[in-house]
Amino acid sequence: MESSAVVVNDVRQELHLVTQVPGPKSVELQKRRVDAVSSGVGATLPIFVQKAAGGIVVDVDGNSLIDMGSGIAVTSVGNSASEVVDRVTKQAQAFTHTCFMVTQYEGYVEVCEALNRLTPGTHAKRSALFNTGAEAVENAVKIARAYTRRQAVVVFEHAYHGRTNLTMGMTAKVMPYKHSFGPFAPEIYRMPLSYPAHDGLTGSEAAAHAISRMEKEIGSENIAAIVIEPIAGEGGFIVPAVGFLPALVAFATAAKAVFIADEVQTGFCRTGNWFASEHEGIVPDVIVTAKGIAGGLPLAGVTGRAEIMDAVHAGGLGGTYGGNPIACAAALGSIATMERENLAEKAIHIETVMVPRLSEIADESGVIADVRGRGAMIAVEIVDRVSRKPDATLTTAIAKYCHAHGVIVLTAGTYGNVLRFLPPLIISDDLLNQALDIIQSAFAELAPSGN
Ligand SMILES: Cc1ncc(COP(=O)(O)O)c(C=O)c1O
């Protein structure tokens, strides 16, 4: 019987499993993968994708899975979104690469104009484009050091900023990101993050603690940059208590240090605003973007106050591929889609569907210590029912259950006990509710109450 499900780009928007997950074709490909690909490159699910659109990923065995991860917060406009595909196709036919540092093109300028317009603050801004979030974070630090002529970089507990040498040093968690890869760059100082579910502090108390440590351990006159994710992503979707971020901005301003918001994961409508900084009205000096900016193509940006961004000598920033014309075309398609379809509002809607249902699962199961996040960046923190200690084993089991039943979910958190959800912002309520049904069954089966 033909179902009545909506079809996006020839992909029926319904969960439909025709084999076990992984199916035989994925298992075959997995064997080739093991022989050909470094085992250092991980994969959350052992499946191989054939097609993806809307909120569905179709694997090579014909299974349709619900996408609650968006390729780690990237395909916010959906996979192969029509305006992204159209612009990418036209650009690929016109030219694929010149290197912006050699001969320039309008798309790069247009993306910088969009970043300058959309990021918080009405001051004069400049942007520069790169390929990945980590590369952009590195460049933000370079720019802050050049501007301040200082060296110290402040980062926070639970932070994730990437896998290059500098950003590994800035990242908190050792396994799997840093283990055996040192030595790391010097002049990185880690401060306590506001973590309301754990520290019980108000935002201003937590900030006072971090600021006092910065003053004593680094000296405010030595700080080039304070780098922070407005919501810690890989760290477990930790939303700092209200007041924490504004207090850090005020401190940075007084110290003449550059406040850098790493919005690689939180940016581009993900949390219900264009940028998560907006929830508390903070205006970062520099903001780093990537992931959701370009609907699946590699692009990253650093946007900041004109006087900071222009403090670097000519030729000091760049790279062969940074701001590649096809990635820029994708970004312009992605941004136009977000504006036209008001995807920030859609993210808020996703929160209103997810949070009540996850809270219900928390009440039923007794193993969820916290339901948190903003917009379409929502997570649950899973603990042992009795000891209330982080339960990474149960978290992994629940994620695996979801995968086997056709829902792509991700885990996160310093203690590996956070189940996180990053659905594409265009996902239908139907798919969202089906995914939540399966998540609910996972908890009912693996953490039955009364145990
Ligand atoms: C907050 C944050 N910063 C930086 C990065 C690194 O981005 P990329 O993987 O594109 O280098 C990530 C990636 O997950 C991130 O979440």
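Counting starts at 1 for both ligands and their atoms, following the listed order. Please read these numbers as outputs of a predicted model, since none were measured by experiment.
Near T132, with a cut-off below 4.0 Å to any heavy atom, the atoms of ligand 1 are 10 (O), 11 (O). Proximity to A134 (heavy-atom distance under 4.0 Å) selects the following atoms of ligand 1: 6 (C), 7 (O), 8 (P), 11 (O). Atoms of ligand 1 found under 4.0 Å from any heavy atom of E234 (numbered from 1 in listed order, with element): 14 (O). Listed by number with element, the atoms of ligand 1 under 4.0 Å from a non-hydrogen atom of E229 are 1 (C).
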F268 and F275: CA distance, side-chain angles, deciding distance, ring-ring contact (aromatic ring centres under 6.0 Å, His included) verdict: CA-CA 6 Å; F268 283 95; F275 298 96; 5.2 Å; yes
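A donor and an acceptor atom, one from each side chain of T266 and E263, are located under 3.5 Å apart. No side-chain N or O of T171 forms a donor-acceptor pair with one of K178 less than 3.5 Å apart. T337 and S334 share no donor-acceptor pair across their side chains, judged by distance under 3.5 Å alone. Counted by atom type alone, R420 and T411 present zero donor-acceptor pairs between their side chains at under 3.5 Å.
Looking at ligand 1, you won't find any N or O of V137 less than 3.5 Å from one of its N or O atoms. Taking any N or O of D262, backbone or side chain, at least one lies under 3.5 Å from an N or O belonging to ligand 1.
Put simply, atom 9 (O) of ligand 1 has no protein non-hydrogen atoms near it, under 4.0 Å away.
For atom 16 (O) of ligand 1, the closest non-hydrogen atom on the protein side is Q265 NE2, 2.9 Å. Scanning the protein heavy atoms around atom 7 (O) of ligand 1, the nearest turns out to be G133 CA, 3.3 Å.
Between R117 and E339, at least one side-chain nitrogen of the basic residue sits less than 4.0 Å from a carboxylate oxygen of the acidic one, meeting the salt-bridge criterion.
When the heavy atoms of K291, E138, H161 are ranked by distance to atom 4 (C) of ligand 1, first place goes to H161. Remark: among candidates T171, V264, I72, the nearest residue to atom 5 (C) of ligand 1 is V264, based on non-hydrogen atoms.
Of all heavy-atom pairs spanning N324 and H97, the tightest one is ND2-ND1, 4.0 Å.
Side-chain contact between I226 and F251: present, with at least one pair of heavy atoms (C-beta onward) separated by less than 4.5 Å.
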